[in-house]
J.: 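Here's a structure for you.
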Amino acid sequence: MAATTASSLQTFDIIILGATGFTGKHVLKQALKFFNNNKNSNLNFNSIAIAGRNQSKLTQTLNWATRPDPPPSIPILIADTTDPTSLRSLCLKTRLILNCVGPFRSHGEPVVAACVETGCDYLDITGESEFMDRVEIGYHEKSVKNGSLIVSACGFDSVPAEIGLLFHLKQWVGGCLPYRVEAFLSAESEKKMVGNFGTFESAVLAVADLKEMRLRRDAQVIKRAKPVIPGPIPKGKIIEHQKKIGLWGITLPSADATLVGKTFSTLTENPNGLQGLDESPETVEKRKVFWSSVKPVHFGVKLGSKSLLGIFGYITFGVILGLFGSTSFGRWLLLKYPSIFSLGGFSKNGPSEEEVESASFKMWFVGHGFSDESLAAKENSKPDTEIITRITGPEMGYVTTPIIMIQCALIILSQRNNLPKGGVYTPGIVFGPTDLQERLEQNGISFDVISKSKLSS
């Protein structure tokens with residue numbers, strides 16, 4: 001029999017919650033693929049379970065994830081984000097919850113609460129800044145106390161930005177001092193690809209959260225240490241053209257820059273990074289060496305296009321989203337007719353498997369800085385050095401995101417003593433000193449140095 005019902009005494013390493021969702025089923029597929037092909041893993045099929053509201057749909061998902069082969073005997077658990085008892089029972093059965101149930105502003109907090117209450121570790125794939133702020137405010141202290149490690153955005157939002165930036169900053173050696181890094185995200189596909197409705201829904205609901213999020217930050221509910229970055233705050237350009245990488249870029253209001261800022265704030269308070277639960281002396285030294293070479297910078301992310309016309313398309317979509325998303329009736333229209341209001345960019349059916357397989361991404365990091373610290377200290381001095389790095393990989397949402405989530409999960413399961421006892425943290429501060437970059441490289445995501453050059457004055 002393909003699926004089994006788990007007994008109350010059974011424990012697991014991982015439970016994938018929301019496995020029937022569009023992204024969740026790809027996370028399950030990646031998990032099974034990885035565990036099938038990695039005999040050195042300490043995990044086996046008995047240490048994984050999937051969970052959701054509907055057993056029939058979970059069974060169908062398991063069949064889909066393993067076709068054409070017959071599915072392994074993976075336990076299926078029933079849980080609902082509206083039922084705290086079912087979530088608590090779920091957390092008591094596992095070391096780690098992988099939460100794929102979105103939108104997270106509606107369904108994420110009960111899962112976090114159950115994990116924190118039981119001391120279970122938690123990863124999710126959200127890019128919703130308001131949700132992450134709410135979790136940090138409401139659960140950080142208790143998660144530290146109970147030993148529950150809570151890390152959101154362990155997907156395309158925001159691991160490529162965070163780990164990609166850390167890789168970039170490692171290239172500033174020999175006394176060079178980075179000052180500003182702009183990331184340019186470019187999605188490529190041989191076929192026209194539409195986005196999944198869940199992603200569109202999260203974006204629509206995020207517009208409604210903007211006012212509340214601004215009020216929270218204006219009130220400084222979340223107090224953060226400010227990293228010291230030499231030189232004036234750069235004047236950002238909404239639209240920018242980078243000839244060296246052949247892209248136009250427009251500011252992308254994603255969670256990436258926010259999370260990078262949180263990582264730098266945590267690093268300002270903890271210059272050697274976060275202490276692990278039970279680190280060896282060698283690991284402590286490795287962590288200190290890693291963070292000693294990371295200097296905070298001004299960081300932003302832009303959505304890239306090879307043509308200016310593409311940028312105007314992004315602007316049009318942003319205007320539509322902002323206007324309609326600010327009222328309840330407008331949001332209803334957006335969610336009722338996603339294909340029309342997204343200019344064909346999203347649909348309720350989501351992308352086909354062929355579209356997913358044909359897509360890829362490039363994320364360029366264009367960094368400007370100083371050839372030595374003394375130059376940076378001079379008044380009115382301008383950056384004289386440029387370094388460009390790049391990450392490339394398969395389709396962002398349904399291939400790269402599952403790869404990232406599973407690798408983060410494996411690090412937690414295999415290196416738990418090297419990670420913080422508990423707390424609500426960003427992927428960068430938790431996984432930066434680990435072997436996450438190497439793991440991603442082994443699974444189809446490349447990190448490359450493109451150029452190092454002097455800037456003309």
Side-chain angles (χ1 to χ4, degrees), residues 23 26-27 29-30 33-34 37 125 127 153-172 178 181-193 195 199 240-250 252 254-257 259-260 299-307 310-311 314 351 353-367 386-408 411 427-428 431-432 434-453:
T23 305
H26 284 276
V27 170
K29 184 176 183 178
Q30 175 64 25
K33 174 185 175 183
F34 183 82
N37 295 334
I125 51 174
C154 292
F156 197 84
D157 284 348
S158 289
V159 167
E162 288 225 82
I163 302 302
L165 177 60
L166 292 175
F167 169 76
H168 178 93
L169 295 177
K170 290 291 182 182
Q171 312 311 316
W172 292 81
V181 180
E182 287 282 343
F184 290 78
L185 174 60
S186 172
E188 302 179 3
S189 180
E190 297 173 1
K191 301 181 179 181
K192 177 178 172 56
M193 181 171 170
T199 303
E240 185 175 345
H241 186 217
Q242 279 289 341
K243 293 182 180 180
K244 289 187 178 180
I245 62 175
L247 290 177
W248 290 85
I250 183 169
L252 179 64
S254 69
D256 293 340
L259 286 173
V260 165
F299 179 70
V301 181
K302 286 182 164 60
L303 190 58
S305 172
K306 293 180 180 179
S307 70
I311 294 297
Y314 295 145
E353 291 183 43
E354 292 77 15
E355 289 171 342
V356 170
E357 290 174 359
S358 71
S360 61
F361 80 90
K362 293 178 181 176
M363 197 169 200
W364 305 78
F365 296 80
V366 180
E386 179 183 78
I387 295 178
I388 299 177
T389 60
R390 185 184 65 195
I391 302 178
T392 56
E395 189 280 328
M396 295 180 284
Y398 315 113
V399 182
T400 292
T401 286
I403 289 171
I404 292 170
M405 189 176 220
I406 293 303
Q407 294 308 314
C408 288
I411 289 172
F431 297 113
T434 71
D435 60 344
L436 179 57
Q437 179 187 322
E438 290 79 5
R439 288 171 173 269
L440 297 181
E441 289 177 309
Q442 292 167 6
N443 286 275
I445 300 170
S446 301
F447 293 71
D448 301 294
V449 178
I450 304 303
S451 65
K452 296 183 180 182
S453 58

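Computed from heavy atoms alone, side chains included, the values below leave out hydrogens, waters and symmetry copies. When a residue number appears, it is its place in the shown sequence, counting from 1.
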J.: Can you sort out the partners of K244 under salt bridge (charged side-chain N to carboxylate O under 4.0 Å, His left out), two or more places apart, ordered by chain and number?
T.: E386
J.: What closest approach, in Å, do G155 and P160 show between heavy atoms, and which atom pair accounts for it?
T.: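 The pair with the smallest heavy-atom distance is O-CD, 3.4 Å.
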J.: Restricting to non-hydrogen atoms, name the atom on S158 and the atom on L259 that form the minimum distance, rounded to 0.1 Å.
T.: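 Shortest heavy-atom separation between S158 and L259 comes out as OG-CD1, 3.2 Å.
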J.: Could you give the distance from CD (Q171) to OG1 (T389), rounded to the nearest 0.5 Å?
T.: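 The CD atom of Q171 sits 7.0 Å away from the OG1 atom of T389.
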J.: Which value, rounded to the nearest 0.5 Å, describes the distance between Q437 atom CD and Q442 atom CD?
T.: 11.0 Å
J.: Please name all residues satisfying side chain to side chain donor-acceptor pair (under 3.5 Å) with S451, sequence neighbours left out, ordered by chain then number.
T.: none
J.: Can you measure from CG (D157) to CE (M396) and round to the nearest 0.5 angstrom?
T.: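 Rounded to the nearest 0.5 Å, the CG-CE separation comes out at 9.5 Å.
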J.: Measuring centre to centre across the rings, with the benzene-like ring taken for any Trp, is F365 within less than 6.0 Å of F167?
T.: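 No: the rings miss the under 6.0 Å criterion.
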J.: Sequence neighbours left out, what passes salt bridge (charged side-chain N to carboxylate O under 4.0 Å, His left out) with E182? Give chain and number order.
T.: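 Only R180, K302 meet the salt bridge (charged side-chain N to carboxylate O under 4.0 Å, His left out) criterion with E182.
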J.: When rounded to the nearest 0.5 angstrom, what is the spacing between CD in E441 and CG in L436?
T.: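 If we round to the nearest 0.5 Å, E441:CD and L436:CG are 10.0 Å apart.
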J.: Working to the nearest 0.5 Å, report the span between CD1 of I391 and CH2 of W364.
T.: 12.0 Å
J.: Grab the two heavy atoms, one from S186 and one from L247, that are nearest each other, plus how far apart they are.
T.: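 Residues S186 and L247, closest heavy atoms: CB-CD1, 4.0 Å.
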J.: Nearest 0.5 angstrom please: I163 CD1 to L440 CG, how far?
T.: 7.5 Å
